[in-house]
Novice: 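Could you have a look at this structure, given as structure tokens, before my questions?
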Amino acid sequence: TPLVPPGSYTFLAGTSIYFSSWNTAILDPDGYLEFQVDTSGQDAILFNFDYRSTGTGPNTLELHYSIDGTSFTFFSTAPLTTDSTFYALSYDLSSISALDNNSNAKFRIYAYGASGAGGTLSVDNVTISDICIPPTATNTFPPTHTSTPTNTPIFSLTPSLTPFPAEVVISEVAWFG
């Protein structure tokens with residue numbers, strides 16, 4: 001649910017939204033975009049989006065987050081290029097474990113430093129996701145064997161892999177006797 005900063009906003013051909021009147025020299029606590037996202041079942045959160053700031057648009061952006069949906073914490077400041085070209089911004093919030101598996105997670109984008117009221121900031125392709133780390137197979141099977149004086153093969157091997165791999169290959173068989 002985005003909250004609109006003071007001024008106006010317009011959707012650009014249904015693909016991005018742009019905002020005007022981000023013309024304060026310092027952060028306006030009442031001028032932000034807010035995104036509420038249920039991160040239940042997710043961890044290592046990433047926040048990514050594309051932006052375009054016109055020549056007189058904001059030149060600084062801040063990202064804040066909330067773990068309770070009410071109180072917000074500063075995460076990072078980024079300088080914005082002001083030349084009407086879209087640029088990508090990516091934030092890795094994986095160090096904020098309180099955002100993991102959190103039904104109250106919220107994010108706010110603040111922009112400021114515009115040199116004129118006609119300057120605009122466009123936001124597009126907002127993606128809030130998690131880092132997908134493929135599981136690493138860990139061999140936890142120490143082979144055990146027992147030697148007997150007969151010609152009967154005795155070999156005991158109990159493989160177990162954590163987490164479950166796509167394939168298990170045992171490439172050695174031993175015969176004792």
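Nothing here was measured: the structure is a model prediction, and the numbers come from that model.
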Novice: Treating Ser53 as the side-chain partner and Pro58 as the backbone partner, does any N or O pair qualify as donor plus acceptor under 3.5 Å?
Specialist: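 At least one qualifying donor-acceptor pair exists.
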Novice: Closest approach of Asn102 and Ala105, non-hydrogen atoms and distance?
Specialist: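 Closest approach of Asn102 to Ala105, heavy atoms only: OD1-N, 3.3 Å.
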Novice: If I compare all heavy atoms of Ser122 with all of Phe86, which pair ends up nearest, and what's the gap?
Specialist: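 Answer, listing the atom of Ser122 first, then Phe86: CB-CZ, 4.0 Å.
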Novice: Can you give me every donor-acceptor pair (side chain of residues 43-50, partner residue at least two apart or in another chain, under 3.5 Å) with its distance?
Specialist:
unit_1, atom_1, unit_2, atom_2, d
Asn48, OD1, Ser90, OG, 2.9
Asp50, OD2, Asn125, ND2, 2.7

Novice: Show me the donor-acceptor pairs, under 3.5 Å and distance only, between side chains in residues 69-81 and residues at least two apart or in other chains.
Specialist:
none

Novice: State, without any angle test, whether Glu62 and Tyr112 hold a side-chain donor-acceptor pair at a distance under 3.5 Å.
Specialist: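 Yes, Tyr112 and Glu62 have a side-chain donor paired with an acceptor closer than 3.5 Å.
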Novice: My understanding is that only residues two or more places apart in sequence, or in another chain, count here; which of them pass side-chain hydrogen bond (donor to acceptor under 3.5 Å, both in side chains) with Thr39?
Specialist: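 In terms of side-chain hydrogen bond (donor to acceptor under 3.5 Å, both in side chains), with neighbours along the sequence ignored, Thr39 is linked to no residue.
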Novice: Taking the side chain as every heavy atom from C-beta outward, state whether Leu33 and Val123 have any pair of such atoms under 4.5 Å apart.
Specialist: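 The answer is yes, as the side chains (C-beta and beyond) meet within the 4.5 Å cut-off.
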Novice: Just verifying a value: how many Å separate Phe35 CZ and Thr127 OG1, rounded to the nearest 0.5 Å?
Specialist: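 Answer for the CZ-OG1 pair, Phe35 versus Thr127, is 10.5 Å.
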Novice: Under 3.5 Å, is there a donor-acceptor pair between the side chain of Thr120 and the main chain of Thr54?
Specialist: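 Such a contact is absent between Thr120 side chain and Thr54 backbone.
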Novice: Measuring from Leu93:CG to Ile128:CD1, what's the distance to the nearest 0.5 Å?
Specialist: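 One gets 9.5 Å once the value is rounded to the nearest 0.5 Å.
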Novice: Taking the ring of Phe107 and the ring of His64, is the distance between their centroids below 6.0 Å?
Specialist: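 They do not qualify: ring centres at least 6.0 Å apart.
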Novice: Output, in order, the C-alpha distance, side-chain angles, deciding distance and verdict of side-chain contact (heavy atoms from CB on, under 4.5 Å) for Leu61 and Tyr110.
Specialist: CA-CA 6 Å; Leu61 182 135; Tyr110 293 87; over 6 Å; no
Novice: Provide the full list of salt bridge (charged side-chain N to carboxylate O under 4.0 Å, His left out) pairs with a residue in residues 81-101, sequence neighbours left out, each pair given once.
Specialist: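 Of all non-adjacent pairs touching residues 81-101, none passes salt bridge (charged side-chain N to carboxylate O under 4.0 Å, His left out).
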Novice: Minimum heavy-atom separation for Ala111 and Leu121, please, with both atom names.
Specialist: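 Of all heavy-atom pairs spanning Ala111 and Leu121, the closest is CB-CD2, 3.7 Å.
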Novice: Please report the interatomic distance CD1(Ile109) to CG(Leu89), rounded to the nearest 0.5 Å.
Specialist: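 Between atom CD1 of Ile109 and atom CG of Leu89 there are 8.5 Å.
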Novice: With no hydrogens and no angle check, is any side-chain donor or acceptor of Asn101 less than 3.5 Å from a backbone partner on Gly41?
Specialist: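 It does hold such a pair.
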Novice: Going from OG1 on Thr85 to OH on Tyr51, what distance comes out if it is rounded to the nearest 0.5 angstrom?
Specialist: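 The OH atom of Tyr51 is 9.0 Å from OG1 of Thr85, to the nearest 0.5 Å.
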